[in-house]
Amino acid sequence: MSETNPKFTVTIDGQSVQVDPGTTILNAARMIGGDVPPPAMCYYSSLKGSGGKCRTCLVEVSKGSEKDPRPMPKLVASCSTTVMDGMEVKNKSSEKVIDARAGVVEMLLINHPLDCPVCDQAGECHLQDLAYEHGKSNTRYEFERRTFDKVDIGEYIKLHMTRCILCYRCVYVANQLTEQREHGVLKRGDAAEIGTYIEKSLKNEFIGNVIDVCPVGALTDKTFRFRSRVWYTKPMDAHRECKCCSGKAVVWMIGDEIARVTARKDQYGEVKEFICNECRFEKKGKADWTIEGPRHIDRSSVISANHYEVDAPEHTPLLNKA
Amino acid sequence: MDRKLLLEHIGVEGIHTHDVYRKNGGYKAVEKALKSMSPDDVVEEVKKSGLRGRGGAGFPTGMKWSFIAKPEGVPRHLLCNADESEPGTFKDRYLMEKIPHLLIEGMILSSYALGCNQSYIYIRGEYMFVLQILEKAIAEAYANGWLGKNIKGSGFDLDLAVSTGAGAYICGEETALIESLEGKRGNPRIKPPFPAVKGLWDRPTVVNNVETIAAVVPIVNDGGGAYAQIGLGRSTGTKLISASGNVNNPGVYEITLGLSVEEFIYSDQYLGGIKNGKKLKACVPGGSSVPILPHYLVCKTATGEDRLMTYESLSEGGFATGSMLGSGGFIVYDEDQCIVRNTWNFTRFYHHESCGQCSPCREGTGWMEKVLHRLEYGHGKMEDIDLLWDIQRKIEGNTICPLGDAAAWPVAAAIRHFREEFEWHVKEPKLCMTKNYGLVTEKTFETVNG
């Protein structure tokens, strides 16, 4: 620790870490790793302005800082609250947090169609993981679930609005990654929906990334739709020469065929290098790609159970599954 | 008799015009401040006055002003929150409609104190007719040299503009207001950063309620000390109360804080008692989002003291037996009103007005509305009451902005105090469609809980 760049010490669930001032609680927790990091459905580290919305990452601050040790009166969103020196945070060790998080999960599920058996996202869905960890087996919601009119947003991307949890990630992607955003959130409250207002297709070069950032099955790949369950496909790291993007991707294979292409995600499901539409949707031949080897999937309920890879690096186990 | 500070000249014919307003002592405060006071002097007077935000939260205005960041070369903004949309609250409308120049004078003084050269009044879209009155008044103020460049030779410039909302309650939340003013979707921002540091166009911004800004005029005229003499304890000055419901004289009243609730409801000078000689059943003292009080807790606190119209006395006993002064939307219910229906109606409002940004509020408000609708129409179950309690508990405090709390509190208070009425709706599904429950039985302090 140098004097010019003092570090803050923060303790989360009894584990301490030293971080730069300005780091959020969530990112500090991710530095500790293990099962300390709270789940995040809307926060996406590479998207500016994301976070704070889904409320699944709520944590209890039991000690504000060394200077002002008072606890914070309310639970705070760990993705948008920065650490203070000497802060003590309770995530899984707080009953209040677990209770509130279960409440948020319940809220997210009451209007979700739960059509997992026919949803392409099943197996790599963060809402599935979250419901598995925090949800209940029955629902207390006894009313008709909200539905939306189907909107066609083009030949590559399928929008299934009833599954949307309004994390706004796709809006930020379009804002920050593409030349012009063509979709956004319309209406308000529980009638709010992702849409283009006047029906038109999304066709920016990088717009395919909305599929990767979507935590649920609201935005899926039309070129892969209903072709296979993800856990029957083999994820392989692959790359190709591309003029537009890094060309580093994951190809998901069925036998010798490439069923779909996605960007590479880290253990929190976040893409570090976004890929272009051409790589994603149009390069499905084996000759298009140089295959590097099996992809290790860190976090996800079903696909991480694949046995294709050898010498798996150490990874983060999910709760309930050591 | 109450001292009238804001509505003193309200009865004067033509007070909405500049000339009549000026003749009745208008713009004297601006003259005084620009001539003999520095901006810091004005802030100091407001601090001394003990004025607290009149929009609902009751945060000390002087303190709020002193938080504003003052980085070199960055313009600052004052925004007037005229997005008055809380059910039961209509005081700002009355003030802007009747005496618009008071608000403009307050805006000039406050902008001067904060060093803002461009200020805005953000008014709700439904107040289109008030917008016209304000715009006319602003044009008059420009014509008479109270706005524009070098006001009355003081070297202080101020431009004032009115901007309208498009019909969203959420835009009364200060950061949503800022987003809306910037031309974006009115979603509340995640705080921090607070508007005092990064507000409108990322510049330091103060957002104040109409009545708060208007109150700066008498504070500058008479001095902060004189203002602090009025009222009781930390609740200084006067407050506009918009009274509605089953009373003989509903309307907007300017009261001195410290008046007893009993006098306010029953005195002929004010509300004149419950209409048609009925009995008082309940009262919402500060707009739809504050907890409802049952008849036995309206005029007396749980400890038996007189309940007064002050920030402190109305919240005496916390949420278990108290409520809040809030925005001053005073709603009175007689014995013929149904609390379940009322709660459903409020919740329907919050469901409709939720911005949909964060999950607990987006999903929870709709859920509560559906359950309450079921209870009200005789299809409810006993478990629904506990379910409602659990839903509101999971919304409260877990949302980005206070709309979640505002939706949860009325439901919590209704169940806390009127549980037997909810149960009666379940037990008597047919009867509850034709008859009302009447007064609830008095509970002692210990048994009053969820």
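FYI, side chains are in, hydrogens and waters are out, and symmetry mates aren't considered; it's all heavy atoms of this structure. Keep in mind that what you see is a predicted model, and the values were worked out from it rather than measured. Proteins come first, then strands; the chains are lettered A, B, ... in the order of their sequence lines, and each starts at number 1.
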Exceeds 12 heavy-atom contacts within 6.0 angstrom, atom NZ of B/Lys430: no
Counting only non-hydrogen atoms closer than 4.5 Å, does B/Thr399 touch chain A with its backbone (N, CA, C, O), its side chain (CB onward), both, or neither? backbone
For residues 181-196 of chain A against chain B, heavy atoms under 4.5 Å, the residues are A/Val185, A/Leu186, A/Lys187, A/Arg188, A/Gly189, A/Asp190, A/Ala192
Could you tell me whether B/His373 atom NE2 has more than 12 heavy atoms of other residues or ligands within 6.0 Å of it? yes
Which atom pair, heavy atoms only, marks the closest approach of A/Lys53 to B/Ile400? CA-CD1, 4.0 Å
Which one, B/Cys355, B/Ala168, B/Gly366, B/Gly186, leads in non-hydrogen pairs under 4.5 Å with chain A? B/Cys355
Are more than 12 heavy atoms from other residues, nucleotides or ligands located less than 6.0 Å from atom CZ of A/Arg145? yes
Residue pair B/Ser359 / A/Cys54: nearest heavy atoms and the distance that separates them: OG-O, 2.7 Å
Sort by residue number and list every residue of residues 93-108 of chain A having at least one heavy atom under 4.5 Å from chain B. A/Asp99, A/Ala100, A/Gly103, A/Val104, A/Glu106, A/Met107, A/Leu108
Under 4.5 Å to a heavy atom of chain A? For B/Ile391 that would be both
Chain B contact via A/Leu75 - side chain, backbone, both or neither, heavy atoms under 4.5 Å: both
Assess whether side chain to side chain contact (heavy atoms under 4.5 Å, CB included) is satisfied between A/Asn111 and B/Trp367, documenting all intermediate values. CA-CA 10 Å; A/Asn111 276 310; B/Trp367 192 3; over 6 Å; no
Partners meeting side-chain hydrogen bond (donor to acceptor under 3.5 Å, both in side chains) with B/Arg374 (sequence neighbours left out): A/Glu142, B/Asp384
Exceeds 12 heavy-atom contacts within 6.0 angstrom, atom CE of A/Met84: no
Is A/Phe143 close to chain B through its backbone or its side chain, or both, or neither, when contacts mean heavy atoms under 4.5 Å? side chain
Measure the spacing between OH of A/Tyr141 and CG of B/Leu387 and express it to the nearest 0.5 Å. 11.5 Å
What part of B/Glu353 gets within 4.5 angstrom of chain A, counting heavy atoms only: side chain, backbone, both, or neither? both
Flag yes if more than 12 heavy atoms outside B/Lys184 fall under 6.0 Å of its NZ atom; otherwise flag no. yes
Filtered by a 4.5 Å non-hydrogen cutoff, the part of residues 189-204 of chain B contacting chain A is B/Ile190
Cationic N near anionic O, under 4.0 Å, A/Lys74 to B/Asp405: yes
Using a strict cut-off of less than 4.0 Å between a Lys/Arg side-chain nitrogen and an Asp/Glu carboxylate oxygen, indicate whether B/Glu363 and A/Arg146 qualify as a salt bridge. yes
Tell me if the CG atom of A/Asp149 is crowded by more than 12 foreign heavy atoms within 6.0 Å. no
Looking only at B/Arg393, B/Glu383, B/Glu396, B/Lys394, the option with the highest number of non-hydrogen pairs under 4.5 Å against chain A is B/Lys394
Side chain, backbone, both or neither: which part of A/Ile110 has a heavy atom under 4.5 Å from chain B? side chain
